[in-house]
Asks: 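First, the structure itself, so that you have it in front of you.
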Amino acid sequence: MSLSVKHLLGIKELQKEDIQTIFKTADNFKQVLQRQIKKVPVLRDTTVANIFFENSTRTRISFELAEKRLSADVVNFSASGSSVSKGETLIDTVNNILAMKVDMVVMRHSASGAPWFLANHIDASIINAGDGINEHPTQALLDAYSIREKHGNLKGKRIAIIGDIMHSRVALSNIYCLGKLGAEVMVAGPPTLIPKNIEKLGVKVEYDVKKALQWAEVANVLRIQLERQHKPLFSTLREYALYYGINKSMLEGLKKEVTIMHPGPINRGVEINSDVADSKQSIILDQVENGVAIRMAVIYLLSGKKEME
Ligand code: CP
């Protein structure tokens, strides 16, 4: 089993068969993660660098755990506290890390397109751990994998992505991934947070969150990315919560159970209330758990190794 790509830069470049291969491989690794010894020796001779130019909790820990569960050697780099503050460029930073015999790079960067730029300048495989407002491919893979685990085949499933679509790399990667797997996708939220012409990506658009929930089998709720908004796009967080936040009474009025997802970090009381995030219809922590198996699968498949124990 192998992928059609050398790097995982975005879901846009993947074939449907690549996604299915990643899921099948993740199924195997998920079994490994249930064992008492949650580790396989397949990447004993591989070193992976996690290079994060932007903050992260889940993605960074999940990649590091995935690498360690595969027995890879791991080095972690954060831009804060590094020589980036002395003017070192992205390419110089990465080439210096690669000179220390690193085989694979996992990178998060605030600039959209940074992993594609890097891929033109280095030989090592790159995994995009989130670039600006563009893509977050492993998040979309773990989201789709978690929906498949709960609901089976994604073909024809109705998935609503709710919130700040405009500034979300999770939204774009999910749209590509779910579309390739045959799901129906709707984006919902305030008009100012939904990009013009997004219908061209094959999604439905809804500005009334209650109607989106009535349509959906699964709702993936996204936070407001205030750090990427350079002008006010809605009045106040309180008003956003009032009109677009997902709360329990909204779900109880539906007369059906919608599966609730969120990529994290959650802003409780803004885009989602605790009585929804912590409810039995929420699979938020299953997403986090599945992230390790998905990232093990991606790293293993890109490494080109043939043996899996
Ligand atoms: N979902 C996600 O990317 O979370 P982090 O920013 O904590 O990695």
Side-chain angles (χ1 to χ4, degrees), residues 8-12 22 26 48-69 74-80 105-115 126-147 149 159-178 187 189 193 218-229 246 259-268 270-272 276-278 282-299:
L8 178 58
L9 300 178
I11 300 289
K12 196 176 180 184
I22 292 167
V48 185
N50 300 313
I51 301 177
F52 278 64
F53 292 86
E54 208 187 60
N55 295 343
S56 170
T57 298
R58 277 148 294 273
T59 311
R60 184 174 170 153
I61 291 175
S62 180
F63 267 112
E64 186 172 347
L65 269 177
E67 291 147 10
K68 288 180 171 168
R69 304 286 194 224
V74 180
V75 284
N76 290 309
F77 165 92
S78 294
S80 60
V105 172
V106 174
M107 185 174 80
R108 170 169 285 191
H109 204 287
S110 57
S112 298
I126 299 168
I127 300 174
N128 180 3
D131 66 309
I133 60 167
N134 185 37
E135 282 231 35
H136 192 347
T138 55
Q139 180 70 47
L141 289 166
L142 74 88
D143 288 347
Y145 185 82
S146 301
I147 298 170
E149 189 174 69
I159 323 290
I161 306 172
I162 300 174
D164 182 357
I165 311 299
M166 176 94 78
H167 303 95
S168 172
R169 53 198 176 206
V170 175
L172 191 57
S173 284
N174 261 271
I175 289 168
Y176 290 138
C177 190
L178 296 169
V187 294
L193 293 179
V218 178
N220 197 352
V221 185
L222 307 179
R223 81 182 166 91
I224 305 290
Q225 307 230 349
L226 288 173
E227 73 275 25
R228 301 190 206 280
Q229 295 179 15
I246 311 298
T259 299
I260 299 294
M261 303 175 69
H262 194 305
I266 293 175
N267 288 152
R268 289 174 183 262
V270 181
E271 74 275 7
I272 192 168
V276 174
D278 304 330
S282 159
I283 59 165
I284 294 171
L285 291 179
D286 299 316
Q287 293 171 260
V288 178
E289 182 182 339
N290 287 333
V292 179
I294 282 289
R295 291 177 174 120
M296 285 173 82
V298 168
I299 294 163

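Atoms within a ligand are numbered from 1 in the order they appear, just like the ligands themselves.
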Asks: Keeping R169 on the side-chain end and G132 on the backbone end, is there a donor-acceptor pair under 3.5 Å?
Replies: yes

Asks: Please list, chain by chain and in numerical order, all residues satisfying ring pair (Phe, Tyr, Trp, His ring centres under 6.0 Å) with H109, sequence neighbours excluded.
Replies: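 Result, ring pair (Phe, Tyr, Trp, His ring centres under 6.0 Å) vs H109: F53.
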
Asks: Under the rule for ring pair (Phe, Tyr, Trp, His ring centres under 6.0 Å), what residues qualify as partners of F63, not counting sequence neighbours?
Replies: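 Result, ring pair (Phe, Tyr, Trp, His ring centres under 6.0 Å) vs F63: none returned.
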
Asks: So which residues, sorted by chain and number, lie with a heavy atom under 4.0 Å of ligand 1?
Replies: S56, T57, R58, T59, R108, H136, Q139, P263, G264

Asks: Before giving the answer on side-chain contact (heavy atoms from CB on, under 4.5 Å), spell out for I147 and N220 the whole-Å C-alpha distance, their side-chain angles and the decisive distance to 0.1 Å.
Replies: CA-CA 10 Å; I147 298 170; N220 197 352; over 6 Å; no

Asks: Restricting to non-hydrogen atoms, name the atom on H136 and the atom on S173 that form the minimum distance, rounded to 0.1 Å.
Replies: N-OG, 2.8 Å

Asks: Under the rule for side-chain contact (heavy atoms from CB on, under 4.5 Å), what residues qualify as partners of S146, not counting sequence neighbours?
Replies: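 Here the qualifying residues are M261, I283, Q287, N290.
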
